[in-house]
Amino acid sequence: MSRYAAAEIEPKWQKAWDDAGVFLARRDADKPKYYVLEMFPYPSGRIHIGHVRNYTMGDVIARYKRATGHNVLHPMGFDAFGMPAENAAMANGGHPKDWTYSNIDTMVAQMKPLGFSLDWTRMFATCDPEYYGQQQALFLDFLEAGLVYRKNAVVNWDPVDMTVLANEQVEDGRGWRSGALVERRELTQWFFKISDYSAELLDALDTLDDWPAKVKLMQANWIGRSRGLQFAFSLIDGPRGFDRVEVYTTRPDTLMGASFVGISPDHPLAKELEKSDPKVAAFCKEARQGGTTEEAMEKAEKLGFDTGLKVRHPFDTAWELPVYIANFILMDYGTGAIFGCPGHDERDHEFARKYDLPIIDTFLPVEGGHDIQSAPFVPAKTEKVRFTRLVAGEEIQTGEEAINATIDFCEANGVGHGVTKFRLRDWGLSRQRYWGCPIPVVHCDDCGVVPEKKENLPVTLPDDVSFDIPGNPLDRHPTWRDCACPACGKPAKRETDTMDTFVDSSWYQARFTSPRATTPTDMEEADYWMNVDQYIGGIEHAILHLLYARFFCRGMVKTGHLPEKSKEPFDALFTQGMVTHAIYQTKGDNGRPVYHYPEDVTLKDGQGFLKDGQEVEIIPSAKMSKSKNNVVDPVQIIADYGADTARWFVLSDSPPERDVEWTAAGAEAASKHLARVYRLAAELDNAPANAEEDTALLREMHKAIRDVTLGVDSFGFNASIAKLYGFTNAIAKSKAGADTKRTAIKTLAQLMSPMTPHLAEEVWSLLGGEGLIARAPWPKEDEAMLVDDSVTLPIQVNGKRRGEITVPKDLDKAEVEKLALAHENVARTLDGAQPKKVIVVPGRIVNVVM
RNA sequence: GCGGACGUGGCGGAAUCGGUAGACGCGGGCGACUUAAAAUCGCCUUCCCCUGGAGUGCGGGUUCGAGUCCCGCCGUCCGUACCA
């Protein structure tokens with residue numbers, strides 16, 4: 001008897017699919033289209049088991065949708081620009097381009113044996129000049145449409161290496177290579193005007209019915225619509241040209257509790273004072289130290305500098321407030337200036353205590369008091385409070401009511417005006433790096449910033465560059481920068497900044513619909529294939545990538561590169577969890593942990609041992625990391641067990657949105673199960689028909705069709721797999737005749753085909769299935785075979801389970817109640833007492849209340 | 001710091017709407033087959049002070065009934081705008 005041999009089966013069927021062109025996507029007006037896309041990978045060098053899980057989920061959907069009569073587009077490409085290629089060039093020599101393309105070759109070679117039903121003819125990498133040239137064309141159209149502009153913005157500056165650092169290159173406020181204290185420095189940079197779409201991007205979230213609520217909530221909070229009051233404090237004896245400080249506040253109702261005004265170190269007033277006062281300059285220098293991340297700013301110690309200047313309170317001109325420069329105020333948000341109300345804000349309270357400023361309450365709890373000196377009183381805005389220093393509205397009202405009343409009052413009295421602001425900032429796309437899409441503009445002494453002509457695209461990256469010194473090699477390239485001004489023809493300089501890689505990944509889904517078009521998209525193809533019906537990727541992209549893509553597609557609609565319907569490019573989104581693996585560690589001589597490879601550890605009764613018998617500590621479910629030696633390599637898994645086992649395992653055990661822990665035992669079990677399915681088909685006997693057994697097995701089969709289909713439809717792949725185990729057990733135990741068993745096993749193969757396509761084809765052909773299972777229509781359950789005529793009901797007394805009864809499905813409530821009360825355990829628990837109430841939920845449960 | 005999620009047996013996890021907690025798998029135990037082992041097959045497996053009781057991170061609450069809803073904690077993970 002032949003055995004399940006994945007190594008023989010898998011290449012055979014992959015070739016059969018290739019020869020038949022099963023996965024090529026061609027427009028077909030007669031079929032409904034279905035576009036399934038997984039977030040494309042960064043070509044780091046090897047595929048990761050996390051990729052296997054991500055692409056297997058997409059492949060299950062793709063194969064299932066093909067079986068249900070859809071014309072499926074399922075493409076793959078590479079997000080190929082970015083820092084790691086430059087880091088590799090710096091560390092090991094070589095060129096980012098060679099490193100990247102060599103990695104892509106390796107990863108394609110590793111992906112193909114997994115048998116994903118991809119249309120490989122559509123593959124591209126974002127570093128292909130054909131792709132980034134079209135991206136440059138989009139940039140020029142966006143520029144013309146007013147969606148791009150330049151302004152100053154802060155970057156992390158390494159004063160020793162004289163280079164800009166990415167946030168991840170700043171560790172504890174210091175440059176990762178130089179160790180120097182990082183400074184925040186302003187540069188002129190390019191921006192996309194995503195803020196034009198703040199309200200639309202927020203409101204349109206409501207139309208994304210098939211996105212996870214958590215992602216929509218995260219985006220909504222990120223965009224951060226707020227209504228507040230913008231007004232000015234008049235400045236007493238300020239420097240020339242500075243007679244007021246404009247502030248924005250979302251809590252104008254606390255204005256009577258103001259005790260200071262704070263301005264950003266980058267505020268024009270701070271910059272003016274800095275010129276003449278060395279102490280201000282010293283403070284601002286210190287305040288500008290450290291990284292640019294919101295996290296670093298928020299966690300840094302709150303520091304203030306008393307400028308000695310005063311402003312007048314708008315409601316009481318005799319009331320003067322000090323003006324502080326504070327390191328936690330961002331110039332990018334609001335007006336770069338705030339008023340502080342220590343009584344009702346955690347941060348202001350801390351600041352007031354530190355600099356000995358008054359803490360004044362404006363409202364207190366409706367009942368009881370609050371010691372405002374020891375802690376601020378910060379209730380939810382929807383909670384009613386009692387105002388002690390009321391500006392407008394009722395004495396007892398909610399924060400929300402007070403805010404609105406105060407804004408109305410201020411507008412009526414000429415103190416500022418109500419404004420709606422968004423937290424969302426414009427998208428800075430300039431990167432001072434080589435390995436990215438060049439920004440196609442030219443700087444001319446006479447004409448200023450001039451867009452490159454479209455016929456000159458792509459502006460390609462020069463190959464002759466080196467990475468032996470920090471910084472952007474484009475800046476110091478001897479000839480690449482020099483060019484003729486597209487407007488006047490005089491000598492000019494190219495822009496040397498390249499684009500943020502989020503630009504690359506903002507429109508690749510559109511490009512897949514016509515990857516070789518000589519324009520960014522082909523409208524006919526885009527109109528047929530867009531939108532992405534199902535997008536699958538990691539939750540880490542919940543905000544930035546997905547928000548940028550939503551904006552970018554709006555820009556593409558505006559500039560005529562996508563149809564109106566593609567403003568929201570992703571109809572449904574699914575965010576999958578990670579694949580984790582245990583860490584095996586021992587303590588080294590110096591007390592530091594030593595990490596051991598899984599293959600060096602023997603597991604026994606939940607404990608792990610090294611070859612020399614030393615016990616290792618097992619840390620379960622840790623994120624895979626090369627430095628922890630707990631990375632599992634899909635190539636090794638395929639070599640050991642085959643692709644179908646890897647695919648089956650990453651889908652089983654855990655729900656797709658949660659993390660799954662890779663274990664050798666689990667992989668072993670998956671492999672055994674697949675071998676068992678193969679054996680069922682290969683060892684099918686000639687048993688004669690048996691009416692009762694046949695019907696029983698067919699009923700199991702129809703239940704399996706229903707349950708597995710439901711699981712696949714609702715991303716419950718682990719639930720589908722549990723049902724498939726159950727159905728396999730039912731077949732193995734069944735005494736049904738050979739014909740019925742053959743039908744059942746063929747159906748099992750079909751139901752497994754999205755997950756384990758190679759095994760499914762093999763079983764299908766063993767049992768005489770017609771053609772390729774990859775082209776067979778999805779089985780349909782027979783409703784009549786699913787109906788049970790009796791039902792088992794649990795009986796509870798006071799919510800505790802005391803027994804169960806089996807009754808005809810449609811027995812009326814009174815009868816069920818009678819039977820339940822007659823139940824031995826129930827009668828004993830009642831002990832003759834009359835129940836107060838009996839709750840009968842038909843088909844579900846009986847609860848006796850006593 | 002802020003925003004979002006998650007937490008169930010020895011382990012991964014199931015439980016469509018608030019209605020039998022622990023499906024399915026791993027691990028473990030017992031047995032069959034075998035000279036023996038592997039492979040395979042069958043049965044058992046939440047815990048305990050076991051005619052009962054307890055139990056879904058911890059503490060409260062709503063309900064006839066809570067893993068599921070509400071309030072407050074603790075822990076872990078993701079994001080925090082130049083990692084992708």
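Because the structure is predicted, anything quoted here is derived from the model rather than measured. Here is how names work: the chains are called A, B, and so on, in the same order as the sequence lines, proteins then strands, and each is numbered from 1.
In this view, A:E817 satisfies the salt bridge (Lys or Arg N to Asp or Glu O under 4.0 Å) rule with no residue, not counting sequence neighbours. For A:L819, the side chain to side chain contact (heavy atoms under 4.5 Å, CB included) partners at least two apart in sequence or on another chain are A:I805, A:V807, A:L811. For A:N167, the side chain to side chain contact (heavy atoms under 4.5 Å, CB included) partners two or more places apart in sequence, or in a different chain, are A:N156, A:T292, A:T293. In this structure A:E171 satisfies the salt bridge (Lys or Arg N to Asp or Glu O under 4.0 Å) test with no other residue, sequence neighbours excluded. Remark: A:L187 pairs with A:V155, A:V164, A:Q189, A:Q432 by the side chain to side chain contact (heavy atoms under 4.5 Å, CB included) rule, at least two apart or across chains. Taking A:R225 as the reference, A:A199, A:L202, A:D203, A:T420, A:F422 meet the side chain to side chain contact (heavy atoms under 4.5 Å, CB included) condition, with sequence neighbours excluded.
Put simply, CG on A:D348 is 17 Å from P on B:rG1, counting in whole angstrom units. Summarising the geometry, the separation between CD on A:E657 and C1' on B:rG13 is reported as 12 Å, rounded to the nearest angstrom. Rounded to a whole Å, the CZ atom of A:R844 is 14 Å from the C1' atom of B:rA21. Atom C1' of nucleotide B:rG12 and atom CZ of A:R658 are separated by 10 Å, given to the nearest angstrom. For the pair A:L793 CG and B:rU20 P, the computed distance is 11 Å after rounding to whole Å. Between the CG atom of A:N798 and the P atom of B:rG53 there is a distance of 12 Å, given to the nearest Å. One atom, CD1 of A:I721, and another, P of B:rG12, lie 18 Å apart when rounded to the nearest Å. Protein atom CZ of A:R801 is 13 Å distant from nucleotide atom P of B:rG52, rounded to whole Å.
Nearer the 5' end of RNA chain B, as judged by each residue's closest nucleotide, is the contact made by A:A213, out of A:A213 and A:E804.
Using a cut-off of 4.0 Å between Lys/Arg side-chain N and Asp/Glu carboxylate O, A:E294 and A:R425 are scored as not salt-bridged.
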For nucleotides 37-45 of chain B, which of its nitrogen or oxygen atoms have a protein nitrogen or oxygen under 3.5 Å away, and what is each distance?
| from | atom 1 | to | atom 2 | distance (Å) |
| --- | --- | --- | --- | --- |
| B:rC41 | OP1 | A:R676 | NE | 2.9 |

Pairwise N/O distances under 3.5 Å, protein to nucleotides 46-48 of chain B:
none

Run A:T188 and A:N152 through side chain to side chain donor-acceptor pair (under 3.5 Å) and show every step you take.
CA-CA 4 Å; A:T188 304; A:N152 284 354; 2.8 Å; yes
* To do: Give the intermediate values and the outcome of side chain to side chain contact (heavy atoms under 4.5 Å, CB included) for residues A:I637 and A:F649.
  => CA-CA 11 Å; A:I637 303 296; A:F649 180 78; over 6 Å; no
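Within a 6.0 Å sphere centred on NZ of A:K354, other residues, nucleotides and ligands contribute more than 12 heavy atoms.
With B:rA14, B:rG53, B:rC64 as the candidates, the nucleotide lying closest to the side chain of A:K837 is B:rC64.
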With both pairing distances under 3.5 angstrom for Watson-Crick or G-U wobble, and | for a partner in another strand, the correct string for RNA chain B is (((((((..(((......[....)))((((((.......))))))(((...)))..(((((..]....))))))))))))....
Contact string for nucleotides 74-84 of chain B, one letter per nucleotide 5' to 3', B = base within protein heavy-atom range under 4.0 Å, S = sugar-phosphate only, - = neither, reads ----SSBBBSB
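When the P atom is used for both B:rU16 and B:rU80, the distance is 34 Å, rounded to whole Å. One P atom belongs to B:rG75, the other to B:rA15, and the distance between them is 29 Å to the nearest Å. The separation of B:rG22 from B:rG27, taken at their C1' atoms, amounts to 16 Å, rounded to a whole angstrom. Look at the P atom in both B:rA37 and B:rA54: the space between them is 46 Å, to the nearest Å. A distance of about 44 Å separates the C1' atoms of B:rC49 and B:rU34, rounded to the whole Å. When the C1' atom is compared between B:rG28 and B:rU76, the two are found 29 Å apart, to the nearest whole Å.
If you look at A:Y548 and A:F192, their ring centroids are not closer than 6.0 Å.
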Under 3.5 Å, which donor-acceptor pairs link side chains of residues 80-90 of chain A to any protein atom two or more places apart or in another chain?
| from | atom 1 | to | atom 2 | distance (Å) |
| --- | --- | --- | --- | --- |
| A:E86 | OE2 | A:Y434 | N | 3.0 |
| A:E86 | OE2 | A:W435 | N | 2.6 |

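At distances below 3.5 Å, at least one donor-acceptor pair connects side-chain atoms of A:S506 with backbone N or O atoms of A:F502.
Annotated as syn: B:rC50, whose O4'-C1'-N torsion sits within 90° of 0.
Applying the salt bridge (Lys or Arg N to Asp or Glu O under 4.0 Å) test to pairs two or more places apart or on separate chains, those with a residue in residues 37-50 of chain A are A:R46-A:D633.
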